[in-house]
Amino acid sequence: MYSVGGGRRHERRYDTSRPELHEEVRLFKNAREREKYDNMADLFALIQTLQCLEKAYIKDAVTARDYTDYCSKLLAQISAAFNLVKSATYKDIPTFMREYYLDCPAALQRIEEGKPITVKDNQGNISKSVADVISLYITLCDKLQMDMRAKDELYTDLKCLADVLDRMSSLPSDFDGKVKVLFWVKELDKLSAADTLDDEQTRQMVFDLESSREAFVRTLG
């Protein structure tokens, strides 16, 4: 066989004495090994899918109901898929993810919690939820006081705060703090990413968040 380069024809020679060099490289040698790699590929793909779903929910690109259904199904599928992969080499899912450089932090958090973010917290998670709520209130107020008013600077934290408050079964369904936070989520939903709150809106949002945080602290006794 010949190839053209630099205006000259070069003969490309193959080593015919070692035909094994020209054979297709296979990851497996038998059906059992092939099934092993298929199972690993399935688990890899499911974790990536869960990561995409988590990001879609954060961006409000999927409804809470659809997210809950899809996430619950994916978590069950991941659990089943990992049972087929689990071995001395892959003792848990984080080990599998590190081995194949699978950078999906949101998916890993969901797997470790074992339920969609929209599912109500049980009493065992109350302490973490309280810390998250207080931290998010402070973060949002700090951002507004530093003149960070754009939707893309506030929305993710605000949506996360609304979700955490909604999951806390210890709070009454008509808790005023949830109502105020949800109001501002809906207000930001009307804006494009670069749109900003005006002075009056900023002042009102700070007031609502601070009064909401104080009301939340009172519910803790």
Side-chain angles (χ1 to χ4, degrees), residues 50-72 103-110 112-113 115-221:
L50 180 57
Q51 175 74 10
C52 292
L53 178 63
E54 291 295 305
K55 292 176 71 174
Y57 182 68
I58 290 172
K59 295 177 180 178
D60 211 25
V62 61
T63 66
R65 180 174 181 178
D66 286 343
Y67 163 80
T68 302
D69 291 343
Y70 295 146
C71 186
S72 298
D103 185 21
C104 297
L108 180 58
Q109 181 179 356
R110 194 60 38 233
E112 290 178 339
E113 292 185 9
K115 62 181 183 296
I117 196 172
T118 48
V119 173
K120 298 285 185 180
D121 262 329
N122 56 38
Q123 291 299 316
N125 292 324
I126 289 297
S127 295
K128 181 180 183 304
S129 294
V130 168
D132 288 343
V133 166
I134 298 298
S135 175
L136 287 165
Y137 272 128
I138 293 173
T139 297
L140 285 163
C141 286
D142 285 348
K143 283 185 175 182
L144 290 168
Q145 289 167 358
M146 290 188 293
D147 208 32
M148 298 173 66
R149 307 182 183 188
K151 175 181 178 177
D152 60 1
E153 294 173 324
L154 301 170
Y155 189 82
T156 299
D157 287 333
L158 191 65
K159 182 70 163 56
C160 186
L161 175 59
D163 290 338
V164 178
L165 287 172
D166 187 59
R167 294 201 313 270
M168 293 189 69
S169 55
S170 59
L171 293 175
S173 58
D174 59 347
F175 173 59
D176 188 54
K178 287 198 286 187
V179 175
K180 288 179 178 178
V181 170
L182 187 58
F183 167 80
W184 284 108
V185 170
K186 292 178 178 178
E187 286 298 298
L188 291 185
D189 275 335
K190 301 173 184 176
L191 307 178
S192 62
D195 287 343
T196 60
L197 301 177
D198 60 29
D199 289 345
E200 183 179 348
Q201 289 174 314
T202 301
R203 185 173 181 177
Q204 186 63 50
M205 187 175 182
V206 170
F207 177 81
D208 286 347
L209 288 173
E210 288 182 344
S211 61
S212 175
R213 179 169 63 86
E214 291 171 0
F216 177 76
V217 171
R218 286 196 297 271
T219 67
L220 304 178

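Please read all numbers here as calculations on a predicted model, not as lab measurements.
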### Task
Take E210 and Y137 through the test side chain to side chain donor-acceptor pair (under 3.5 Å) and record every step on the way to the result.
CA-CA 7 Å; E210 288 182 344; Y137 272 128; over 6 Å; no
ask   = Which atom pair, heavy atoms only, marks the closest approach of A150 to A193?
value =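 Shortest heavy-atom separation between A150 and A193 comes out as CB-O, 4.2 Å.
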### Task
Grab the two heavy atoms, one from S129 and one from V164, that are nearest each other, plus how far apart they are.
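Smallest heavy-atom distance, with atoms named: O-CG1, 3.9 Å.
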Q. Stepwise, does the side-chain contact (heavy atoms from CB on, under 4.5 Å) test hold for T156 with K59?
A. CA-CA 8 Å; T156 299; K59 295 177 180 178; over 6 Å; no
Distance-only, no hydrogens or angles: does the [X] side chain make a donor-acceptor pair with backbone N or O of [Y] under 3.5 Å?
X	Y	answer
Q51	A107	yes
T219	F216	yes
S135	A131	no
R110	K115	yes

Value rounded to 0.5 Å, distance of [atom1] in [X] from [atom2] in [Y]:
X	Y	atom1	atom2	value
D166	I117	CG	CD1	10.5 Å
D208	E187	CG	CD	10.5 Å
T139	L158	OG1	CG	12.0 Å
L154	L144	CG	CG	5.0 Å
W184	S212	CH2	OG	12.5 Å
K178	M168	NZ	CE	9.5 Å

Is atom CZ of F183 surrounded by more than 12 heavy atoms (other residues, nucleotides or ligands) closer than 6.0 Å?
yes
If you define the side chain from C-beta out and look only at heavy atoms, does anything of [X] sit under 4.5 Å from [Y]?
X	Y	answer
V181	L165	yes
R213	L209	no
K159	I58	no
Q201	L188	no
M205	C141	no
I134	V217	yes
L197	L191	yes

Review point. Checking side-chain contact (heavy atoms from CB on, under 4.5 Å) for the pair D60/D189: CA distance, chi angles, key distance, verdict?
Key: CA-CA 9 Å; D60 211 25; D189 275 335; 3.6 Å; yes
Check the pair D147, R149 against salt bridge (charged side-chain N to carboxylate O under 4.0 Å, His left out), reporting the backbone distance first and the verdict last.
CA-CA 6 Å; D147 208 32; R149 307 182 183 188; 2.7 Å; yes
*Which residues satisfy the salt bridge (charged side-chain N to carboxylate O under 4.0 Å, His left out) test with D142, sequence neighbours excluded?*
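Salt bridge (charged side-chain N to carboxylate O under 4.0 Å, His left out) check on D142 returns nothing, list empty.
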>> Holding to ring-ring contact (aromatic ring centres under 6.0 Å, His included), I want the full list of residues that pass it with Y70, two or more places apart in sequence or in another chain.
In response: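 Counting only residues at least two positions away or on another chain, Y70 forms no ring-ring contact (aromatic ring centres under 6.0 Å, His included).
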*Just by distance, with hydrogens left out, do Q204 and E200 show a side-chain donor and acceptor under 3.5 Å apart?*
no
Donor + acceptor pair across side chains of D195, S192 (<3.5 Å)
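Yes - a donor-acceptor pair under 3.5 Å links their side chains.
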* To do: Using a strict cut-off of less than 4.0 Å between a Lys/Arg side-chain nitrogen and an Asp/Glu carboxylate oxygen, indicate whether K180 and D176 qualify as a salt bridge.
  =>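 A salt bridge links K180 with D176.
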Discussion item. The test is salt bridge (charged side-chain N to carboxylate O under 4.0 Å, His left out); show your working for D163 and R167 and say whether it passes.
Written reply: CA-CA 6 Å; D163 290 338; R167 294 201 313 270; 5.7 Å; no
inquiry  = A cation-pi test, strictly: NZ or CZ of K151 under 6.0 Å from the centre of the six-membered ring of Y155 and no more than 45 degrees from its axis. Yes or no?
reply    =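 K151 over Y155 ring: yes.
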Output, in order, the C-alpha distance, side-chain angles, deciding distance and verdict of side-chain contact (heavy atoms from CB on, under 4.5 Å) for L50 and C104. CA-CA 9 Å; L50 180 57; C104 297; over 6 Å; no
